[in-house]
Structures are given as C-alpha cells and as structure tokens.
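Note on naming: letters A, B, ... go to the chains in the order of the sequence lines (proteins, then strands), and numbering restarts at 1 for each one.
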Number of protein chains: 2
Amino acid sequence: MAKRFITIKDIAEEAGVSVNTVSRALNNKPDVSPQTRKKVLEIARKLGYIRNSDAVLFRKGTTKTIGVVFEDSSNPFYAEVFKGIEVSARKYGYQVILMNTERDYINEMQAVDTLLQKRVDGIIISPTQFDSKDIEKLVKLNFPFVILGVHFENDELDEVYSNDVKGGYLATKHLLLKGRRKILMLNAFMYKSVARMRYEGYVEALREFGLQPYAMVEIEEGYESAFNKIMELRDIDFDGLFCFNDVFAIAALKALRLLGKKVPEDVAVVGYDDISYAEFVQPSLTTVRIDKYQEGIVAFEMLYERLMNLRTSPKRVLLDVNLIVRESA
Amino acid sequence: MAKRFITIKDIAEEAGVSVNTVSRALNNKPDVSPQTRKKVLEIARKLGYIRNSDAVLFRKGTTKTIGVVFEDSSNPFYAEVFKGIEVSARKYGYQVILMNTERDYINEMQAVDTLLQKRVDGIIISPTQFDSKDIEKLVKLNFPFVILGVHFENDELDEVYSNDVKGGYLATKHLLLKGRRKILMLNAFMYKSVARMRYEGYVEALREFGLQPYAMVEIEEGYESAFNKIMELRDIDFDGLFCFNDVFAIAALKALRLLGKKVPEDVAVVGYDDISYAEFVQPSLTTVRIDKYQEGIVAFEMLYERLMNLRTSPKRVLLDVNLIVRESA
DNA sequence: CTTTGTGCCGGTAACGTTACCGGCACGATC
DNA sequence: GATCGTGCCGGTAACGTTACCGGCACAAAG
C-alpha cells in the first residue's frame with residue numbers, strides 16, 4: 001500500500017534535467033530538444049508516471065468541474081437529465097460532481113457549500129427547498145449557476161424549465177376530449193412552482209370547456225403516498241385522473257386495479273414526465289413528455305456560456321412539452 | 001463575474017496577523033489568543049471567506065474522494081448501488097466521483113485513468129469490458145480498489161458480488177415447482193461471469209429434477225433487444241421463462257402479451273434484480289432480489305478498510321439473494 | 001537573578017505543477 | 001570581431017493551505 005505516486009521531480013532526477021524541461025516535454029511545448037523530449041517520455045513511461053490533474057488545475061486556478069445538485073439521482077427523471085449534463089460536460093472537458101439532497105433543506109445548503117469549497121467552476125441546481133432568499137445569496141456571490149426545472153420571480157437568473165402550464169393543459173384537454181368531465185388532479189404540494197403551473201394548465205383547459213376545477217389533492221411525493229391516497233379516495237366519483245408525475249400515475253394504476261376500476265374505461269389516467277417505465281406498465285401510460293436529456297444538455301450549455309463569458313445577461317429557456325398518447329387515456 | 005475568492009491571506013492582511021494565525025484560528029487549533037481568534041473569525045465572515053477544500057487536501061496529500069466506475073448510472077440497478085456507496089461514503093467524510101462507461105472499453109480505461117489522475121483515494125469498479133489482464137494492471141499499481149458485481153479468478157482481489165448461482169437456482173427451481181418443464185433462459189452474453197453463474201444455477205436446478213437444460217439464448221442488454229428476441233421466438237415452445245434481469249423480463253411481458261400468451265398461465269416468468277418497477281408492472285414480477293443498497297454499503301466499507309489500513313489481505317463478500325414471489329410465476 | 005515553562009505568533013518550506021524570465025551556446029549576419 | 005537571433009534549458013515564484021520550528025514576552029520556579 002505504498003501509495004506513492006511518481007512526480008515530474010522523479011522524472012527530472014532520473015533524466016538529469018530540470019522539472020521545467022520535464023513539464024514542457026510532457027505537455028508538447030516548445031523549447032525542448034527532440035532527444036530530451038524522447039528521453040523524458042521514455043522515463044515517464046518506465047516509471048509509470050500519472051500526472052496529478054488536480055495539481056495542474058490548482059496551479060491554473062480552475063477546476064474544470066461543475067457541480068450538480070439534485071434531490072435524488074436514482075429517480076429516473078433526474079437520472080436522465082443528469083446524463084444529458086454529463087455527456088455535454090464531458091464534450092467540453094468538464095467533470096461533473098453530483099450531490100443528492102433527498103429534498104432536505106440542510107443537505108441542499110451543504111451541497112452548495114461543499115461545491116463552493118471545492119471551487120467548482122459553476123453549479124446546476126434543481127432546488128426543492130430553496131426559496132428566493134437562498135437563491136438571492138447565490139446571486140450575490142456572483143457565482144455562475146443555472147436553475148433547472150423551477151421558475152423564480154427574480155429575473156436576473158439563468159433558468160431552464162419546461163412549459164408546465166402547457167403540459168397541464170394538454171393532459172387535461174386530452175381527458176376532456178375523451179369525454180371525461182369529472183377529472184381529479186393528483187398533485188404534488190403547491191409550494192413547488194411546478195405543481196402550481198401544472199395546476200394552472202389544468203384549470204385553463206377546464207375553463208376552455210366552460211367547467212370549474214373538479215377536484216385537486218396535494219400529496220407528498222413517492223409511490224406509496226400516491227397509492228394510499230387513491231385507495232383513500234375510493235368513494236370519490238371521478239372518471240379522469242391527471243397525475244403530477246408518472247410515479248403517481250403508476251401507483252394509481254395499481255390502486256385502481258385493486259379497487260376494481262378499469263383503466264381507461266372507468267377512469268382515464270394521464271401521467272407526466274414520460275419516464276422510461278411509462279410504456280412498460282399495463283395499461284401503458286398516456287403522459288406528458290419532457291425531453292429530459294435535452295434539458296440536461298441545455299442546462300450545461302447555458303452554464304458554459306457563463307463560464308466562457310460568452311453571455312453576461314440572464315437567460316431563460318422554456319422547453320416545449322408534448323402529449324404521448326398510449327393506452328391509459 | 002469577478003470570480004475572485006477570498007483567501008486566508010486577505011483575512012491576514014485585514015486582521016494584521018500572519019496567515020498561520022488565521023489558519024490556526026479557523027481550524028480551532030491552539031496557539032491563538034481568544035481575542036485574535038474572535039477577530040479573525042469575524043473578518044472571515046465579513047469578507048465572505050469560503051475555504052478552498054481542494055487546496056487543503058492537496059497540501060495534506062489526500063483527496064478524501066473515491067471514484068466509482070459503472071456502466072450506466074441511470075440504470076435503476078446501479079442507481080441504487082450508487083446510493084448505498086454515496087451514503088456510507090458521506091458518513092466517513094468521503095466524496096464520490098461517478099464515471100459512466102456505457103459498456104465501452106475505451107471509456108472504461110479512461111474512467112480509471114481520469115480517477116487516478118485526480119488522485120482519488122480508492123476506486124469501486126463494476127467492470128464490463130475489463131479482463132483479468134486489465135485488472136492485473138490495477139493490482140500492480142498497488143492502488144486500493146474493490147470490484148463490484150463480478151468475480152475474477154485472481155484471488156488477491158477485493159470483491160463484492162452476489163450469489164448468482166443460487167439466484168439462478170432459486171428462479172429455475174421455482175418454475176419447476178410450478179410444474180414448468182420447458183424453461184427457456186433469456187440470458188446476457190456469457191462472457192460476463194454473472195451470466196455464466198446464473199446459467200450454472202439454472203442447469204443445477206434442472207439437473208436436480210433429472211432434466212437437461214432446455215434452451216438458453218444470449219442477447220445484448222436492453223429493453224428492445226429482449227423484446228425483439230421474444231417476438232422472434234414466437235414459435236418456440238416454452239412454458240417457463242427465466243430472464244437475466246428484470247428489464248428483460250418486463251420486455252418479455254410486453255412481447256408475450258402481444259403474442260397472446262398469458263402470464264403466468266401460458267408462460268411463467270421470473271426476472272432478476274428486483275428493481276423498483278418489478279412490483280408495478282402487470283402482472284407484477286416474480287424475481288430474485290439482490291440487496292443493491294447493501295451491496296453499495298459493503299463495497300464502500302471494504303474500500304474504507306483498505307484506505308485506513310485496517311486490512312491488508314484480500315477479501316471477498318458473497319451477498320445472499322432471495323426469491324420474491326409475485327404474480328408472474 | 002537565572003532558569004524553565006508556556007502562551008502566542010510569524011517565517012519558511014512544502015504539496016505538484018506551470019508561467020515567466022533570464023541565460024548560455026551556437027550559428028548567422030553585418 | 002561585434003551583434004543578433006534562436007534553440008534549449010534552468011531558476012524562481014506562484015496557486016492556497018498547513019506543518020514544523022523557532023522566537024519573543026511574560027510569569028513561575030529554582
């Protein structure tokens with residue numbers, strides 16, 4: 001376990017030259033004779049030299065690393081966004097550090113703090129607990145960051161989010177066009193702007209049909225939570241169900257089956273997100289699709305513009321959504 | 001965008017003391033008078049000092065970081081293992097860097113290389129393309145690493161893997177006990193030790209019932225691949241299906257439904273892994289459960305023992321598996 | 001009064017690497 | 001022969017931080 005790495009100093013000694021020359025040789029810089037260069041490279045290989053990239057970056061005053069703060073990377077939604085970020089980051093030579101917060105305020109604070117301490121070049125954050133004040137603090141630091149998936153009032157921010165009002169509208173309208181009139185919305189807590197916007201779309205579609213909102217319940221996120229709520233609502237009369245996300249919808253499918261209600265005959269169900277399992281469940285899920293991979297790519301590119309000073313004014317990107325019609329509605 | 005961070009030097013100047021004193025004050029070390037300490041801390045806060053953790057670790061010659069090399073972190077199986085690693089790593093004050101390889105040899109090499117260049121303290125790797133020779137190279141570096149999910153012959157290695165022979169045995173035996181005799185195994189490519197071991201269990205169970213292996217096909221990983229294969233095999237006669245993993249099984253469920261075969265009446269299906277969606281599909285999936293979260297925890301702890309020199313001899317951990325019986329078989 | 005201790009602090013070096021500058025040797029140019 | 005350019009190389013400092021040591025001042029102990 002003698003975990004001692006070879007340094008350029010070791011190479012310099014062995015080659016009988018200075019560390020400067022070694023550095024220049026290894027980095028293909030001028031001011032090194034062909035013979036010296038060859039010798040240095042050979043010795044480096046012989047000794048098993050592995051360059052210390054952190055030392056290089058430290059010296060250069062950058063980390064070529066960005067931080068990503070998500071609530072839960074094992075959630076298929078974020079997993080795919082992350083992949084988009086990671087792929088485009090790698091393309092530009094950036095590393096990505098992922099921080100999970102489990103929707104906990106302390107964790108969210110600490111995640112950002114750790115990333116700042118690590119001197120990442122920028123941060124992509126999908127806030128769950130942060131309010132405008134916390135975001136404000138970040139702005140004051142004059143530190144490059146992009147907000148993903150959430151919309152704040154402050155208009156100095158870089159944000160990528162999807163058109164949730166339209167998504168809610170499309171989902172609800174689809175149910176209405178299928179003749180459903182008693183449409184229940186199974187929503188997440190409304191303190192999240194996403195939940196508010198999807199609800200807004202829901203209301204808008206109903207209004208277009210001259211209807212009042214029928215019913216909306218807010219629940220905690222997670223499969224069990226949704227399953228229990230549907231079982232609880234067994235006596236409520238509804239023929240359409242618009243769920244905040246696919247996890248809710250998949251839970252609802254299971255609960256409705258247990259309650260003896262047929263989907264889509266008795267209740268038509270629409271989800272949101274189009275996670276990969278949406279098409280595998282039975283019946284396959286009609287849902288609103290967000291291009292998660294694309295969202296990740298856009299987020300990174302926006303951050304990159306900041307890092308390179310290609311852009312200094314704030315930018316918002318509103319991603320389009322579309323309805324994927326399958327069997328459940 | 002004046003991304004200039006405050007350093008202890010700035011604090012030292014403002015406080016009229018040396019950087020040493022500042023360092024000691026900020027780290028609660030002795031040899032600082034209470035007044036000086038107070039003053040330093042105040043100035044640090046006023047100036048918005050954020051310590052450069054990389055510089056600290058650089059100075060200390062450690063990174064307090066480990067690397068994880070997985071084929072695809074958006075795969076729910078690895079996502080959960082990763083969570084186990086991350087949680088226990090954080091408990092010990094370690095950061096985790098995740099590298100995705102997409103089952104590509106070059107990526108796998110580069111991932112390890114990048115991690116070494118970053119001087120991570122250790123690596124957890126779930127190899128897909130590496131053969132014994134590549135592993136050998138790692139061993140020669142005398143670098144702490146743990147292999148996850150795969151078993152190599154070399155017995156100097158630290159490995160965590162699950163009892164795949166038993167898993168294959170349990171799955172097959174269950175099908176046999178349900179009266180199935182024509183059991184097809186939908187396997188991954190046999191160059192993977194995991195695939196070989198699960199097949200071994202399959203053969204063993206059949207032998208116990210005095211039967212020869214019925215049929216086994218090897219396919220590429222992924223949902224489409226499995227779906228297509230089952231559609232292709234429409235004319236093959238089988239009443240039991242043992243799948244290499246749940247993704248295969250879920251794809252098979254869909255294909256069988258399209259082919260008009262009822263599960264479990266016509267074909268009983270058993271998957272492997274018990275990913276979270278296994279219980280949500282219709283019919284819910286009978287499968288072999290690996291405690292993925294636990295596997296991640298164990299992997300980190302084994303690595304930690306190495307890092308702390310608590311253990312110097314190799315160690316293998318074989319995790320138990322068990323059968324989760326649901327509707328599909 | 002001298003010694004010994006101790007509380008407090010600063011100087012210097014170091015982690016591994018690269019940027020910057022200066023210098024030497026040699027050949028070419030006047 | 002003096003000057004200049006250029007190819008090649010090394011010395012020094014620096015990134016931000018901490019370890020180590022030495023030193024000063026003052027109090028306690030002999």
Report task. Take nucleotides 12-18 of chain C nucleotide by nucleotide from the 5' end and write B, S or -, depending on whether a protein heavy atom sits under 4.0 Å from the base, only from the sugar-phosphate, or from neither. Result -> B-BBBBB

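Under the 6.0 Å cut-off for aromatic ring centres, A/Phe130 and A/Phe152 do not qualify, their centroids lying 6.0 Å or more apart.
Atom CG in B/Asp31 sits about 12 Å away from atom P in D/dA19, given to the nearest Å.
Using bins of under 30°, 30° to 60° and over 60° for the plane-to-plane angle, the ring pair B/Tyr78/B/Phe70 lands in the tilted bin.
Contact record, B/Asp31 with B/Arg24: O-NE, 3.6 Å, taken as the closest heavy-atom pair.
For the pair A/Arg119 and B/Phe5, the cation-pi criterion (under 6.0 Å, within 45° of the ring axis) is fulfilled.
Not one side-chain nitrogen or oxygen of A/Thr21 sits closer than 4.0 Å to the OP1 or OP2 atom of D/dC8. Taking 4.0 angstrom as the limit, B/Ser33 places a side-chain polar atom (N or O) nearer than this to OP1 or OP2 of C/dC9.
In this structure, B/Lys192 places its NZ atom where more than 12 heavy-atom neighbours from other residues, nucleotides or ligands lie under 6.0 Å away.
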